[in-house]
Amino acid sequence: MTSVCFYYQVHQPPRLSKFTVFSENIPYFDEEKNRKILQRVATKCYLPTNKILSDLIDDLGKQFRIAFSLTGTFVEQCRKYSPEVLQSFKRLADTGNVEFLGETYYHSLAGLFSMEEFGEQVELHRSLMKDLTGQKPKVFRNAEAMYSNDIARSIEHLGFTGIVAEGHEKILGWRSPNYLYRPEGCEKIVALLRNYRLSDDIGFRFSERRWAGYPLTADKYAEWLSASEGDCVNIFIDYETFGEHQWEDTGIFDFLEALPYEILKYENLDFRTPSEIISSYKPVGVIDVPDIVSWADIQRDASAWLGNDMQKYAFRRMAQLEELAKRNRDLLNVWRLLQTSDHFYYICTKWFADGDVHKYFNPYDSPYDAFINYMNVLQDLQGRLERSEAEVSAEPLLKEGVLLA
Amino acid sequence: MFGWEFPPAKTGGLGTHCYELVRNLGSKGVGVLLFVPKRSENVKNNLENVEIVEVGFDLSNPYARPDSAASEKSYGWNFFDEVETFNKECVATALDKDFDIIHCHDWMTIPAGIELKKKTGSPLIFTVHSTEYDRTISIHPCTNIINTEKKGIDEADRIITVSRNMKTQLLERYNAIEGKISVIYNGIDDSRFPGITEKSNRQLVLFLGRLTSQKGPSFFLQTAEKVLRKEPDVLFVIGGQGEKLPDLIREATDLGIMDRVLFTGYLREEELVRAYEMADVYVMPSVAEPFGISALEAIASGTPTIISKNAGVAERIRNCFKVDYWDTLEIANKIISVLRYDVLRDCMRRNALEELKDLGWCRVAEETIEVYGRAL
């Protein structure tokens, strides 16, 4: 038996306002833009896709199973601008067929600068998911599938049973992604490896006319799954693939609707969630990943976020504010919202090679504009943090002064 | 080929273009006979396969308008007479020569081209570097000149523009036939410029160009005032000369920033290169800019550039800032950021320099030869 595991990543970043060196007292985040985009994607993707999945569960019952992770920034935006989207995710959670995975609350790269901050964000997200879905996530997926031995160990300490990683040759060598593996130095958790070929067939290539597999039909795809060896095929994709990256007119919704029926025609295939896979199969080997591997680009590293000097500089400047921010209850959340990986992604200069994707999702004219805007906001936040620090430390003196008088 | 400027006499992109074009055509084995107006300084010609014929006597500069109220009269009727004489003499001399193609640059040379085409039947190529609308930013454009341009565009067998933007202008304003137009972007000989060098952080912002409304020097000053509010030690250098100089000095004084603005006057080639190199940022806030070779020169000198969105060069270069020339607050925002963050400056100038690799003049010559081929 080969288990098919569908896991969808759902995320929206907090987009920044236009912020110049002259800006004063204007909000850091462009709420109007965030609202517009969220509501657009809700109409084009979240609501119709949730409806399809919900109908499939109604019709197929227990045999159809899927998993999601919802970032905290996405949930916050939904609360403000589209509560019906959250309702529909809750209804999916109530069916019992859907597993919700752990994330960093802010879809951040916190794991790359502070394990303490990373842990706090994972906990924040865990309690958010508990509130929203009634489930305490047991399997973790880091933002952008950033994975390393250190991150795996830290996730083990936080009490998870599994972690998601990119099933790339950089991690696996000649080995297949269709099995569970044990992260190096870990005893309790196992890693699920994303089958990037079959995942990208849907995520990237679905409407690509020059691709040999075009047009991708549900029966064809089910046949490929059935022909796959191994215990599990992990199809992990952005949820926005449905209706947003792949528009409705590509036939992506028809594909999604038909696929479970085609898969269940094969006796050697079934559906399982990540946790069910972990309890059904045993790891077949160890993966040893000293350096970060992500799911992005040809390089599968962190270079889309921290590749050039502007990105590294902005990231370092942000990270340096950790102590200050943690002493400031009012601004801590703002600082964390500036950690969302998208801010660094917009500063990526790799367009020319494999970056068409980067350009498509970039709201700025250029990575240089993205850098300036981010730095202006960060600079302003730093000023506010420092000023409020100065006020706090001045307070006891004032009190003392009063006492003396 | 009929040109208007040739080194050492040079006031703009046309001169650079002609020089580099004939040099590269020559080295590719294309024989060029170039007619240019005689100037006070004699042209130096050591180019292979290129013969230069200097015609007439020491003409005025087509871009130098005697007073700032650019009306038809300000050219002086004398100027039009001179242009006419130049064209007539060109035709008379050229008729004794042997050639296959007639190639004109801008309106000053097109009458000769049209006349010669009539007499010989050879195909006429017309390169448009700028139009009268560009030079006057559509304020009192000279109808005489527009008519000449229009006639050239109608009579030419093939038209070359230095940007897509210019092509669109010719279609919209001159009713040009789209199929006749080829876009050939200007190039850069980056061996003449130093590339990436250590910046000593002088806090120096550079403007270079003719001091005319077209180049937007006044927007540069307004930007300077805004930058100085935040960064009072920055120095603004305005290189070049032109009719607007007195106005600009007055404006800088009124803005209260005269002590942070330096007017250099005309810069010789080596001074120019040094200015590009010394600058921390190069700003080109042109109101109209068919191409804008100077942006490429700044990039070739390892200097980050902020250019007007509508400049032709903006179609070709990605690693620079593209701005609305009137949005001086945004230009100031960008200047301050480049001055503050070395990483921004270095990423931008490295990536931009990389882009120049496919922008040599050799390519311009090759593409021009292709256009010749289609005309024959």
Side-chain angles (χ1 to χ4, degrees), chain A residues 16-26 28 303-320 343-360 362-383, chain B residues 196 205 222-232 234 281-283 299 303-311 314-324 327-358:
Chain A
L16 294 174
S17 308
K18 167 84 190 172
F19 205 93
T20 75
V21 294
F22 301 102
S23 299
E24 271 167 30
N25 301 320
I26 68 161
Y28 292 158
S303 63
W305 300 272
L306 297 173
N308 67 42
D309 291 346
M310 293 186 292
Q311 292 172 308
K312 289 177 193 161
Y313 178 81
F315 189 72
R316 199 172 63 236
R317 287 282 307 272
M318 177 279 291
Q320 281 166 353
H343 300 308
F344 302 97
Y345 197 71
Y346 301 145
I347 309 175
C348 178
T349 44
K350 293 198 297 178
W351 304 334
F352 307 113
D354 57 327
D356 303 25
V357 189
H358 299 245
K359 212 174 173 192
Y360 180 74
N362 197 336
Y364 294 95
D365 289 341
S366 73
Y368 310 106
D369 288 280
F371 173 78
I372 289 185
N373 209 60
Y374 184 83
M375 288 312 299
N376 286 339
V377 170
L378 194 71
Q379 195 71 40
D380 194 84
L381 175 67
Q382 183 170 348
Chain B
I196 305 282
V205 183
Q222 291 166 33
T223 301
E225 188 271 322
K226 291 180 173 104
V227 171
L228 289 165
R229 284 186 218 163
K230 292 271 169 191
E231 301 285 343
V234 178
V281 202
Y282 175 68
V283 186
I299 290 168
T303 300
T305 54
I306 301 175
I307 63 177
S308 188
K309 242 176 218 175
N310 58 28
E315 296 167 16
R316 197 59 185 72
I317 295 288
R318 280 189 262 191
N319 292 288
C320 63
F321 285 117
K322 297 169 192 178
V323 294
D324 292 308
D327 193 355
T328 52
L329 200 65
E330 181 56 25
I331 304 176
N333 177 42
K334 291 185 157 133
I335 290 173
I336 291 170
S337 301
V338 175
L339 294 176
R340 280 187 188 167
Y341 304 114
D342 290 358
V343 284
L344 170 60
R345 177 193 68 200
D346 289 339
C347 278
M348 181 178 275
R349 63 195 192 129
R350 267 201 310 268
N351 291 332
L353 194 65
E354 201 61 23
E355 285 190 83
L356 297 189
K357 281 190 176 154
D358 329 316

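Computation of the quantities below employed the complete heavy-atom set of this structure, encompassing side-chain atoms and omitting hydrogens, waters and symmetry-equivalent molecules. Numbers restart at 1 for each chain; the letters A, B, ... are given by sequence-line order, proteins then strands.
When atom types are taken as modelled, the side chain of D309(A) and the backbone of V343(B) share no donor-acceptor pair closer than 3.5 angstrom.
Looking at K18(A), the atoms closer than 4.5 Å to chain B (heavy atoms on both sides) all sit in the side chain, from C-beta outward. Heavy atoms closer than 4.5 Å to chain A are found in the side chain of R350(B), but not in its backbone. Contacts of F22(A) with chain B are made by both backbone and side-chain atoms, with heavy-atom separations under 4.5 Å. For chain A, the nearby part of I336(B) is the side chain; its heavy atoms alone come within less than 4.5 Å.
In this structure the side chain of K322(B) never reaches within 4.5 angstrom of the side chain of D365(A), judged on heavy atoms. In this structure, the side chains of R340(B) and V21(A) come closer than 4.5 Å at one or more pairs of heavy atoms.
Put simply, of N376(A), D369(A), N308(A), the one with the most heavy-atom pairs under 4.5 Å next to chain B is D369(A). Interface remark: of the candidates L344(B), D342(B), D346(B), L344(B) forms the most heavy-atom pairs closer than 4.5 Å to chain A. Ranked by heavy-atom pairs shorter than 4.5 Å toward chain A, the options K334(B), R229(B), K226(B) are led by K334(B).
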Query raised in the report: R345(B) and M310(A): side-chain contact (heavy atoms from CB on, under 4.5 Å), yes or no, with the steps?
Result: CA-CA 9 Å; R345(B) 177 193 68 200; M310(A) 293 186 292; over 6 Å; no
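Distance CD1/I372(A) to CD/E330(B): 7.0 Å, rounded to 0.5 Å. Rounded to the nearest 0.5 angstrom, S23(A) OG and N333(B) CG are separated by 7.5 Å.
Among F371(A), Y374(A), Y368(A), the single residue meeting the ring pair (Phe, Tyr, Trp, His ring centres under 6.0 Å) criterion with Y341(B) is F371(A).
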